[in-house]
Chemist: 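Here it is, the structure in full.
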Protein chains: 2
Amino acid sequence: MTLSSQYQVITSPLGDGLHKDGKRLTPQRLKVLNLFENIGAGNHLSAEEVHEKLIKSSSKVSLATIYRTLRLLVQMGLLHELELSEGGHRYELLSNETADHHHLICIRCGRTEEFESDEVLNAGKVAAKVNGFKLIESSLNVRAICPNCI
Amino acid sequence: MTLSSQYQVITSPLGDGLHKDGKRLTPQRLKVLNLFENIGAGNHLSAEEVHEKLIKSSSKVSLATIYRTLRLLVQMGLLHELELSEGGHRYELLSNETADHHHLICIRCGRTEEFESDEVLNAGKVAAKVNGFKLIESSLNVRAICPNCI
DNA sequence: TTATTATTGAGAATATATACCATCTCTTAA
DNA sequence: TTAAGAGATGGTATATATTCTCAATAATAA
């Protein structure tokens with residue numbers, strides 16, 4: 001059994017999603033997704049960090065491919081792109097646990113508190129349904145000034 | 001009466017906010033804020049667009065200063081920084097009218113629908129109050145897949 | 001008015017992300 | 001099983017966005 005034939009046997013959300021679009025399940029794409037699955041939902045990495053971590057685990061993937069793969073995984077709904085205060089975009093695994101995490105952010109110092117809200121979750125569901133969209137995730141960002149910065 | 005003495009007389013939210021922090025009310029900062037006030041809430045500009053518009057109105061302000069000023073105005077809660085699909089950040093005037101605009105975004109094609117929600121607005125208020133934050137604005141981003149991209 | 005110090009302008013430097021293209025590999029069909 | 005076609009990768013060059021540096025300027029407080 002060769003390495004390449006392995007991939008044809010494995011069935012996964014990634015493989016299925018790719019194949020129905022004429023796209024391919026490659027070792028690089030698997031490595032990137034596996035990395036996020038290993039660190040768990042809720043942890044986020046930049047493209048550069050993904051690159052470094054893969055190199056450290058002897059799984060070299062070029063930076064260009066990492067950027068391409070991250071964008072692809074976001075479009076497939078497997079990763080979520082975050083916009084943090086500094087230093088570009090970060091990505092995290094999209095899961096049911098993270099689907100209702102909202103953020104209260106201080107616009108001065110960047111301090112961030114997380115909270116949950118059924119009302120918000122529901123508002124997202126309704127908005128998606130009304131417009132005929134298939135819901136993936138909703139997140140509320142509340143911009144405010146924290147007690148220390150007032 | 002000199003130009004500079006004019007600024008000492010004017011009282012404005014911008015001037016007040018700046019002075020209590022040891023910062024200064026400069027013509028450049030006024031020009032940038034006035035630009036956003038003139039185009040009205042709901043319209044957003046990139047740093048580069050602000051630069052171009054000021055040059056066209058014979059009010060030359062350097063690009064470096066524009067970046068510095070945009071960040072400052074965001075931290076003061078006068079502007080809101082938006083993260084659009086492509087080409088960097090954009091900024092818009094923060095007002096009561098824009099404070100409850102939420103977005104339903106297709107992760108495939110970027111199609112965006114706006115909607116409003118009292119429940120979301122309220123959830124933001126509650127979260128801010130519970131944590132002792134002073135609320136500025138809250139926005140819900142719902143990631144989904146639109147009918148055309150499913 | 002003067003001293004102090006924040007701010008500006010201009011361009012260099014950096015960071016982030018994409019484009020390009022030759023090479024490689026997966027997939028399909030013969 | 002092999003060959004052809006299409007998609008993907010790697011490495012680098014390039015584009016774009018943003019920040020940094022520093023001398024000169026100007027706003028503020030006394």
Side-chain angles (χ1 to χ4, degrees), chain A residues 1-10 14-33 45-52 54-55 59-76 81-91, chain B residues 1-12 14-33 45-52 54-55 59-76 81-91:
Chain A
M1 186 194 227
T2 64
L3 252 180
S4 63
S5 68
Q6 254 190 69
Y7 297 118
Q8 298 173 358
V9 179
I10 292 175
L14 178 58
D16 295 348
L18 289 169
H19 288 147
K20 79 174 157 50
D21 257 344
K23 302 195 169 176
R24 295 172 183 174
L25 181 57
T26 66
Q28 290 88 341
R29 288 170 179 174
L30 267 178
K31 283 173 187 168
V32 172
L33 184 56
L45 302 173
S46 67
E48 194 58 61
E49 286 168 347
V50 170
H51 191 217
E52 286 168 14
L54 288 180
I55 286 176
S59 303
K60 198 158 171 241
V61 177
S62 79
L63 192 55
T65 294
I66 286 170
Y67 273 105
R68 285 185 288 235
T69 302
L70 290 175
R71 195 178 357 167
L72 178 72
L73 295 176
V74 167
Q75 289 179 339
M76 292 180 68
E81 184 176 5
L82 305 166
E83 179 64 21
L84 296 191
S85 39
E86 304 298 328
H89 298 152
R90 285 168 169 274
Y91 301 84
Chain B
M1 186 193 226
T2 65
L3 250 179
S4 63
S5 69
Q6 254 192 68
Y7 297 120
Q8 297 174 359
V9 178
I10 291 174
T11 296
S12 67
L14 178 57
D16 295 347
L18 290 169
H19 289 150
K20 78 172 157 54
D21 258 345
K23 303 195 168 179
R24 296 172 183 177
L25 181 57
T26 65
Q28 290 89 341
R29 289 171 178 173
L30 267 177
K31 284 173 186 168
V32 172
L33 184 57
L45 301 174
S46 65
E48 193 59 60
E49 286 169 347
V50 170
H51 191 218
E52 286 168 14
L54 288 180
I55 287 176
S59 304
K60 200 161 169 238
V61 178
S62 79
L63 191 54
T65 293
I66 287 170
Y67 274 104
R68 287 185 287 234
T69 301
L70 291 173
R71 198 180 351 170
L72 178 71
L73 295 176
V74 166
Q75 288 179 339
M76 293 180 66
E81 183 175 6
L82 304 166
E83 179 63 20
L84 296 190
S85 40
E86 306 297 329
H89 298 151
R90 285 168 169 273
Y91 301 83

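Note that the structure is a prediction, hence the values are computed from the model and not measured. A note on names: the letters A, B, ... follow the listed sequences, proteins ahead of strands, and every chain is numbered from 1.
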Chemist: Measuring to OP1 and OP2 of dT28(D), would you say a side-chain N or O of Lys20(B) lies under 4.0 angstrom away?
Modeler: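 The answer is no; no side-chain N or O of Lys20(B) sits under 4.0 Å from OP1 or OP2.
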Chemist: Rounded to the nearest Å, what distance is computed from the NE2 atom of residue His51(B) to the C1' atom of nucleotide dT16(D)?
Modeler: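 Atom-to-atom, His51(B) to dT16(D), this comes out as 16 Å.
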Chemist: Starting from P on dC26(C), measure out to CG on Leu18(A) and report it in whole angstrom.
Modeler: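 The distance from CG of Leu18(A) to P of dC26(C) comes to 14 Å, rounded to the nearest Å.
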Chemist: Given dT9(D), is OP1 or OP2 found less than 4.0 Å from the side-chain N or O atoms of Lys31(A)?
Modeler: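 Indeed not, no polar side-chain atom of Lys31(A) lies that close.
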Chemist: For Glu48(A), which residues count as a side-chain contact (heavy atoms from CB on, under 4.5 Å) partner, sequence neighbours excluded?
Modeler: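 side-chain contact (heavy atoms from CB on, under 4.5 Å) check on Glu48(A) returns Ser46(A), His51(A), Glu52(A), Leu63(A).
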Chemist: Answer yes or no: does a side-chain N or O of Gln28(A) lie under 4.0 Å from OP1 or OP2 of dG10(D)?
Modeler: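 For Gln28(A), the contact criterion (side-chain N or O under 4.0 Å from OP1 or OP2 of dG10(D)) is met.
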Chemist: Output one line per pair: protein atom, nucleotide atom from nucleotides 21-23 of chain C, and distance, for all N/O pairs under 3.5 Å.
Modeler:
none

Chemist: Taking for each residue the nucleotide of DNA chain C with the nearest heavy atom, is it Ala64(B) or Gly22(B) whose nucleotide lies nearer the 5' end?
Modeler: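 First, find each residue's nearest nucleotide; the 5'-ward one identifies Gly22(B).
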Chemist: Rounding to a whole Å, what distance do you find between Lys60(A):NZ and dA8(D):P?
Modeler: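 Checked: the NZ to P distance equals 21 Å.
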Chemist: OP1 or OP2 of dA17(C) versus the side-chain N and O atoms of Arg71(A): is any pair under 4.0 Å?
Modeler: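 Answer no for this pair, as no side-chain N or O of Arg71(A) is under 4.0 Å from OP1 or OP2.
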Chemist: Tell me whether the side-chain N/O atoms of Tyr67(A) come closer than 4.0 Å to OP1 or OP2 in dA17(C).
Modeler: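 Yes.
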Chemist: Residues in side-chain contact (heavy atoms from CB on, under 4.5 Å) with Lys23(A), at least two apart?
Modeler: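 So Lys23(A) forms a side-chain contact (heavy atoms from CB on, under 4.5 Å) with Leu18(A), Asp21(A), Arg29(A), Leu72(A).
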Chemist: So, using side-chain contact (heavy atoms from CB on, under 4.5 Å) as the criterion, who are the partners of Val61(A) when residues are at least two apart?
Modeler: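 side-chain contact (heavy atoms from CB on, under 4.5 Å) list for Val61(A), sorted by chain: Gln28(A), Lys31(A), Leu54(A), Thr65(A), Ile66(A).
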Chemist: What N/O pairs connect the protein and nucleotides 1-5 of chain C at under 3.5 Å? Give each pair on its own line.
Modeler:
residue, atom, partner, partner atom, Å
dT5(C), O2, Arg24(B), NH1, 3.0
dT5(C), O2, Arg24(B), NH2, 2.9

Chemist: Bend across the helix from dT1(C)-dA30(D) to dA30(C)-dT1(D), to 10°, with axes taken over 5 pairs at each end?
Modeler: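 Answer rounded to 10°: the end axes differ by 50°.
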Chemist: I need the CG-C1' distance between Leu70(A) and dT16(C), as an integer number of Å.
Modeler: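 My rounded result for the distance is 13 Å.
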Chemist: Side-chain N or O of Thr26(B) less than 4.0 angstrom from OP1 or OP2 on dA26(D)?
Modeler: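 For dA26(D), neither OP1 nor OP2 has a side-chain N or O of Thr26(B) closer than 4.0 Å.
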Chemist: In whole angstrom, what separates Arg29(A)'s CZ from dT25(C)'s C1'?
Modeler: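 These atoms are roughly 12 Å apart.
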Chemist: Between Ile66(A) (CD1) and dA15(C) (C1'), how many Å, whole number?
Modeler: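 After rounding, the gap between these two atoms is 17 Å.
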Chemist: Is the phosphate of dA17(D) approached by His89(B) (side-chain N or O, under 4.0 Å from OP1 or OP2)?
Modeler: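 False: His89(B) side-chain N/O out of range (4.0 Å or more) of dA17(D) OP1/OP2.
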Chemist: Is there a side-chain contact between Leu33(B) and Thr69(B) in this structure, where contact means two heavy atoms from C-beta onward sitting under 4.5 Å apart?
Modeler: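 Sidechains of Thr69(B) and Leu33(B): no contact.
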Chemist: Using a cut-off of less than 4.0 Å, is there contact between a side-chain N or O of Thr65(B) and OP1 or OP2 of dT7(C)?
Modeler: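 No, Thr65(B) has no side-chain N/O under 4.0 Å of OP1/OP2 on dT7(C).
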Chemist: Tell me whether the side-chain N/O atoms of His19(A) come closer than 4.0 Å to OP1 or OP2 in dC26(C).
Modeler: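 For dC26(C), neither OP1 nor OP2 has a side-chain N or O of His19(A) closer than 4.0 Å.
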